[in-house]
J.: 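First the structure, which I've put down as structure tokens, then a few questions once you've had a look.
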Amino acid sequence: MSTILVKNAKMRGSEELCNLFIKDGVFAEIGPGVSPEADEVIDAAGKLVSAPFCDPHLHLDAVLSVGKPRYNMSGTLIEGINIWGERMVGLTKETIKQNARDVIKWEVANGSMFLRTHADATNTSGVVVDALLEVREEMKDLCDLQIVAFPQECIFTFPEAPALMEEAMKKGCDVVGGLPYMEYSPEDGLRDVKFVFDLAEKYGAMIDIHCDENTDDQSRYIEAMTRETLVRGMQGRVTASHTTAMHNYNNDYAFKLMGFLKKAEMNMITNPFANSCLQNRTDGYPRHRGHTRVDELLANGINVCIGSDDIMDPWYPMGKGSPLAGAYLLMNYAQLSGYSQVSQLIDMITCNSAKTMRLEGYGLKVGNPANMIILDAESEFDAIRLQSECLYVIRKGKVISRTEPARRTVVFDGKEEQIDFKLTEKNL
Ligand code: FE2
């Protein structure tokens, strides 16, 4: 296997430039003076390097389906669910696979190498889970893909659903999902949570539940999740996605909940793209933000990460599979523009997500698999501000993606100028 030397790299949290020597697919040496002979030398020229991004919340079964069979005119979650039901009629495995493969390439080009997707396991044809299991295998040289058996139609709304969920786990899904707040009754919502934990215990799987993705201050399935996690000793293996209702909880209840979440080592995934559009849409004015309490969760030492969720589908018509774009939106939306908070945003698309996904050997450390990215930015601030292109993606010691940064030539008063939107020495 060929060796690579990445030199003059700006590591997160360090001013000094550093070299990374990659041999046999792992980081063999890292340090300022490291400079052995290598088959390939990549000069990072002071650009920011990082462990790859992780995108821990996707719906690859729905991506790129916007407008098919029709557009979401109201922009609501409910109309999106109805359109999804219409789309599923006659949907083929190959269509799902093609769209999923395209978005995986977008994600990798944007620097993501570790992805978690939900797969509609309650679709009676079984075609969705099969499609994404095949994509996981076909795309394994580009990324690690975790698949969640997700009950898009809920677990207790029709008799076959529990067996379909178990079938998905037998086929090879990695994570058990749930949808308690969409069950027909609060009792069924609690049964939904218990079912997910039982199934996860049976298959030794992780848990990632779509939890309280509404704006109802009485939607509190997060409490049931926390209880099950603690009673069953499953700390660290459980993730609550969305939890947008938390925004509207009274502060006394939220304060108590923070302590429980910390004790349960709950992982939280916030999805700023769709949730900024879908939640609290019915408020009138004043209108809440419809987003979980990101700053409070972080301040309480709870693991929070950012997911893309929907990319051009019935629920969200935009998106390009870019974690940096998610970080940029969340910075504004969750008011995380304080100096140290910007660095937290990068954590939320790297190490925090890796923790949620329970990745082993993640990070730029000697002995770890040589997975890394080089961004077209000198700082974390600029990486987010410019939503920088990812110049190199290296996976297990191999360059799997290269991007030439866009060059903008602008003509002012007949004279050409290069504009890259970066600070220079002239900017005092
Ligand atoms: Fe989702």
Side-chain angles (χ1 to χ4, degrees), residues 54-66 72 75-85 87-88 96 99-100 103 107 112 115-123 128-129 132 145-155 165 168 173-183 192-193 196 206-215 219 221-222 225 238-247 267-279 281 290-292 294 304-319 321 323 326 329-330 348-349 353 356-357:
C54 311
D55 199 332
H57 191 118
L58 287 159
H59 291 264
L60 289 177
D61 49 4
V63 292
L64 311 191
S65 65
V66 65
N72 186 333
T76 58
L77 177 67
I78 295 299
E79 186 172 345
I81 290 171
N82 292 338
I83 294 171
W84 175 249
R87 174 166 172 80
M88 285 311 294
I96 296 169
N99 291 354
V103 166
E107 286 271 358
S112 295
L115 311 175
R116 176 183 283 182
T117 182
H118 295 256
D120 182 358
T122 46
N123 174 264
V128 179
V129 170
L132 294 183
L145 179 62
Q146 292 181 356
I147 302 177
V148 185
F150 172 56
Q152 181 80 58
E153 309 296 327
C154 296
I155 301 169
M165 286 290 288
C173 287
D174 310 276
V175 187
V176 185
L179 194 60
Y181 69 96
M182 291 294 281
E183 297 281 359
D192 183 305
V193 172
V196 171
M206 292 177 281
I207 288 170
D208 189 338
I209 292 179
H210 276 63
C211 189
D212 304 317
E213 190 187 357
N214 53 29
T215 50
S219 186
Y221 293 105
I222 183 67
M225 283 185 67
V238 181
T239 298
S241 281
H242 295 291
T243 63
T244 49
M246 196 186 295
H247 183 94
N267 302 298
M268 313 295 290
I269 300 178
T270 188
N271 297 291
F273 293 110
N275 291 147
S276 61
C277 288
L278 296 175
Q279 268 63 53
R281 230 181 151 95
H291 207 272
T292 199
V294 177
V304 187
C305 38
I306 299 171
S308 285
D309 201 9
D310 303 298
I311 299 171
M312 301 185 77
D313 69 13
W315 296 279
Y316 186 74
M318 308 284 175
L329 175 58
L330 191 70
M348 291 167 77
I349 55 176
S353 295
T356 292
M357 297 174 75

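Computed over heavy atoms, backbone and side chain alike; hydrogens, waters and symmetry mates excluded. Counting starts at 1 for both ligands and their atoms, following the listed order.
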J.: Side chains of N275 and T244: any donor to acceptor distance under 3.5 Å?
T.: no

J.: Please enumerate all residues that pass side chain to side chain contact (heavy atoms under 4.5 Å, CB included) together with M182, with sequence neighbours excluded.
T.: I78, I81, C154, L179

J.: Do the side-chain N and O atoms of D120 and T122 include a donor-acceptor pair separated by under 3.5 angstrom?
T.: yes

J.: Mind checking what makes salt bridge (charged side-chain N to carboxylate O under 4.0 Å, His left out) contact with D208, not counting sequence neighbours?
T.: R116

J.: Please enumerate all residues that pass side-chain hydrogen bond (donor to acceptor under 3.5 Å, both in side chains) together with H247, with sequence neighbours excluded.
T.: none

J.: Mind listing the protein N/O/S atoms less than 2.8 Å away from the Fe ion (ligand 1)? Waters don't count.
T.: H57 NE2, H59 NE2, H210 NE2, D309 OD1

J.: Classify the side-chain pair D309/H59 by whether it contains a donor and acceptor separated by less than 3.5 Å.
T.: yes

